[in-house]
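The structure appears below as structure tokens.
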Amino acid sequence: MTPHSLKTPLEKVRAFYAGDVRLSFKIIASSIAVIAISAAPILLYAVFGPEDGNPLGLGLIFMLGIFLGQLGLVVGFLRMLWEFFTGHR
């Protein structure tokens with residue numbers, strides 16, 4: 001499957017994860033996606049929500065997502081260093 005034959009964003013994501021990309025890059029990309037997805041609800045609430053609201057649940061989702069995303073980034077970077085120094089993929 002060539003990059004030009006992909007039509008939807010979902011097909012591009014599937015091609016990225018099924019393709020010949022190093023595992024460390026997949027982990028890092030997934031972690032960045034988790035951070036962005038967990039930050040989106042509270043950012044959208046801050047922009048479009050009421051001024052006197054208190055989104056406790058959205059804050060907890062943001063906090064948990066940032067924690068898991070950072071943990072994934074650390075694992076991805078450690079995996080990248082291991083791949084670099086040992087030559088394994």
Side-chain angles (χ1 to χ4, degrees):
M1 190 182 296
T2 63
H4 299 296
S5 67
L6 301 175
K7 297 190 179 12
T8 65
L10 186 59
E11 289 176 351
K12 292 179 183 180
V13 170
R14 286 182 182 159
F16 173 74
Y17 284 107
D20 190 28
V21 179
R22 291 182 183 260
L23 180 63
S24 60
F25 293 137
K26 292 178 185 179
I27 294 171
I28 291 171
S30 299
S31 300
I32 292 171
V34 165
I35 291 171
I37 290 170
S38 68
I42 198 161
L43 291 175
L44 290 172
Y45 185 85
V47 172
F48 299 114
E51 293 181 14
D52 61 345
N54 187 8
L56 180 64
L58 297 179
L60 293 174
I61 291 171
F62 176 68
M63 184 179 66
L64 181 66
I66 292 296
F67 173 73
L68 292 176
Q70 288 177 348
L71 184 66
L73 284 174
V74 168
V75 169
F77 284 127
L78 289 176
R79 172 78 186 204
M80 187 186 317
L81 287 173
W82 181 72
E83 290 171 354
F84 178 75
F85 287 116
T86 61
H88 290 97
R89 285 193 79 171

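We number each residue from 1, following the sequence as shown.
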With L73, which of I32, I27, V34, L78 fulfils side-chain contact (heavy atoms from CB on, under 4.5 Å)?
I32

What is the minimum heavy-atom distance between Y17 and S30, and which atoms define it?
OH-OG, 2.6 Å

Tell me whether V75 shares a hydrophobic cluster with I37, the cluster being built from Ile, Leu, Val, Met, Phe, Trp, Tyr side chains joined at under 4.5 Å.
no

Evaluate the side-chain contact (heavy atoms from CB on, under 4.5 Å) criterion for residues R79 and I28: first the C-alpha distance (whole Å), next the side-chain angles of each, then the deciding distance (0.1 Å), finally the verdict.
CA-CA 10 Å; R79 172 78 186 204; I28 291 171; over 6 Å; no

Indicate, with yes or no, if M80 and V74 share a hydrophobic cluster defined by side-chain heavy-atom contacts under 4.5 Å among Ile, Leu, Val, Met, Phe, Trp and Tyr.
no

Can you tell me how far the CG atom of L81 sits from the OG atom of S24, to the nearest 0.5 Å?
9.0 Å

Give the table of side-chain donor-acceptor pairs shorter than 3.5 Å for residues 61-69, with sequence neighbours excluded, one pair per line with atom names and distance.
none

For S38 and P41, work out which heavy atoms get closest and say how close.
O-CD, 3.5 Å

More than 12 non-hydrogen atoms from neighbouring residues, nucleotides or ligands closer than 6.0 Å to CZ on F16, yes or no?
yes

Under 3.5 Å, sequence neighbours excluded: what are the donor-acceptor pairs made by side chains of residues 43-52?
none

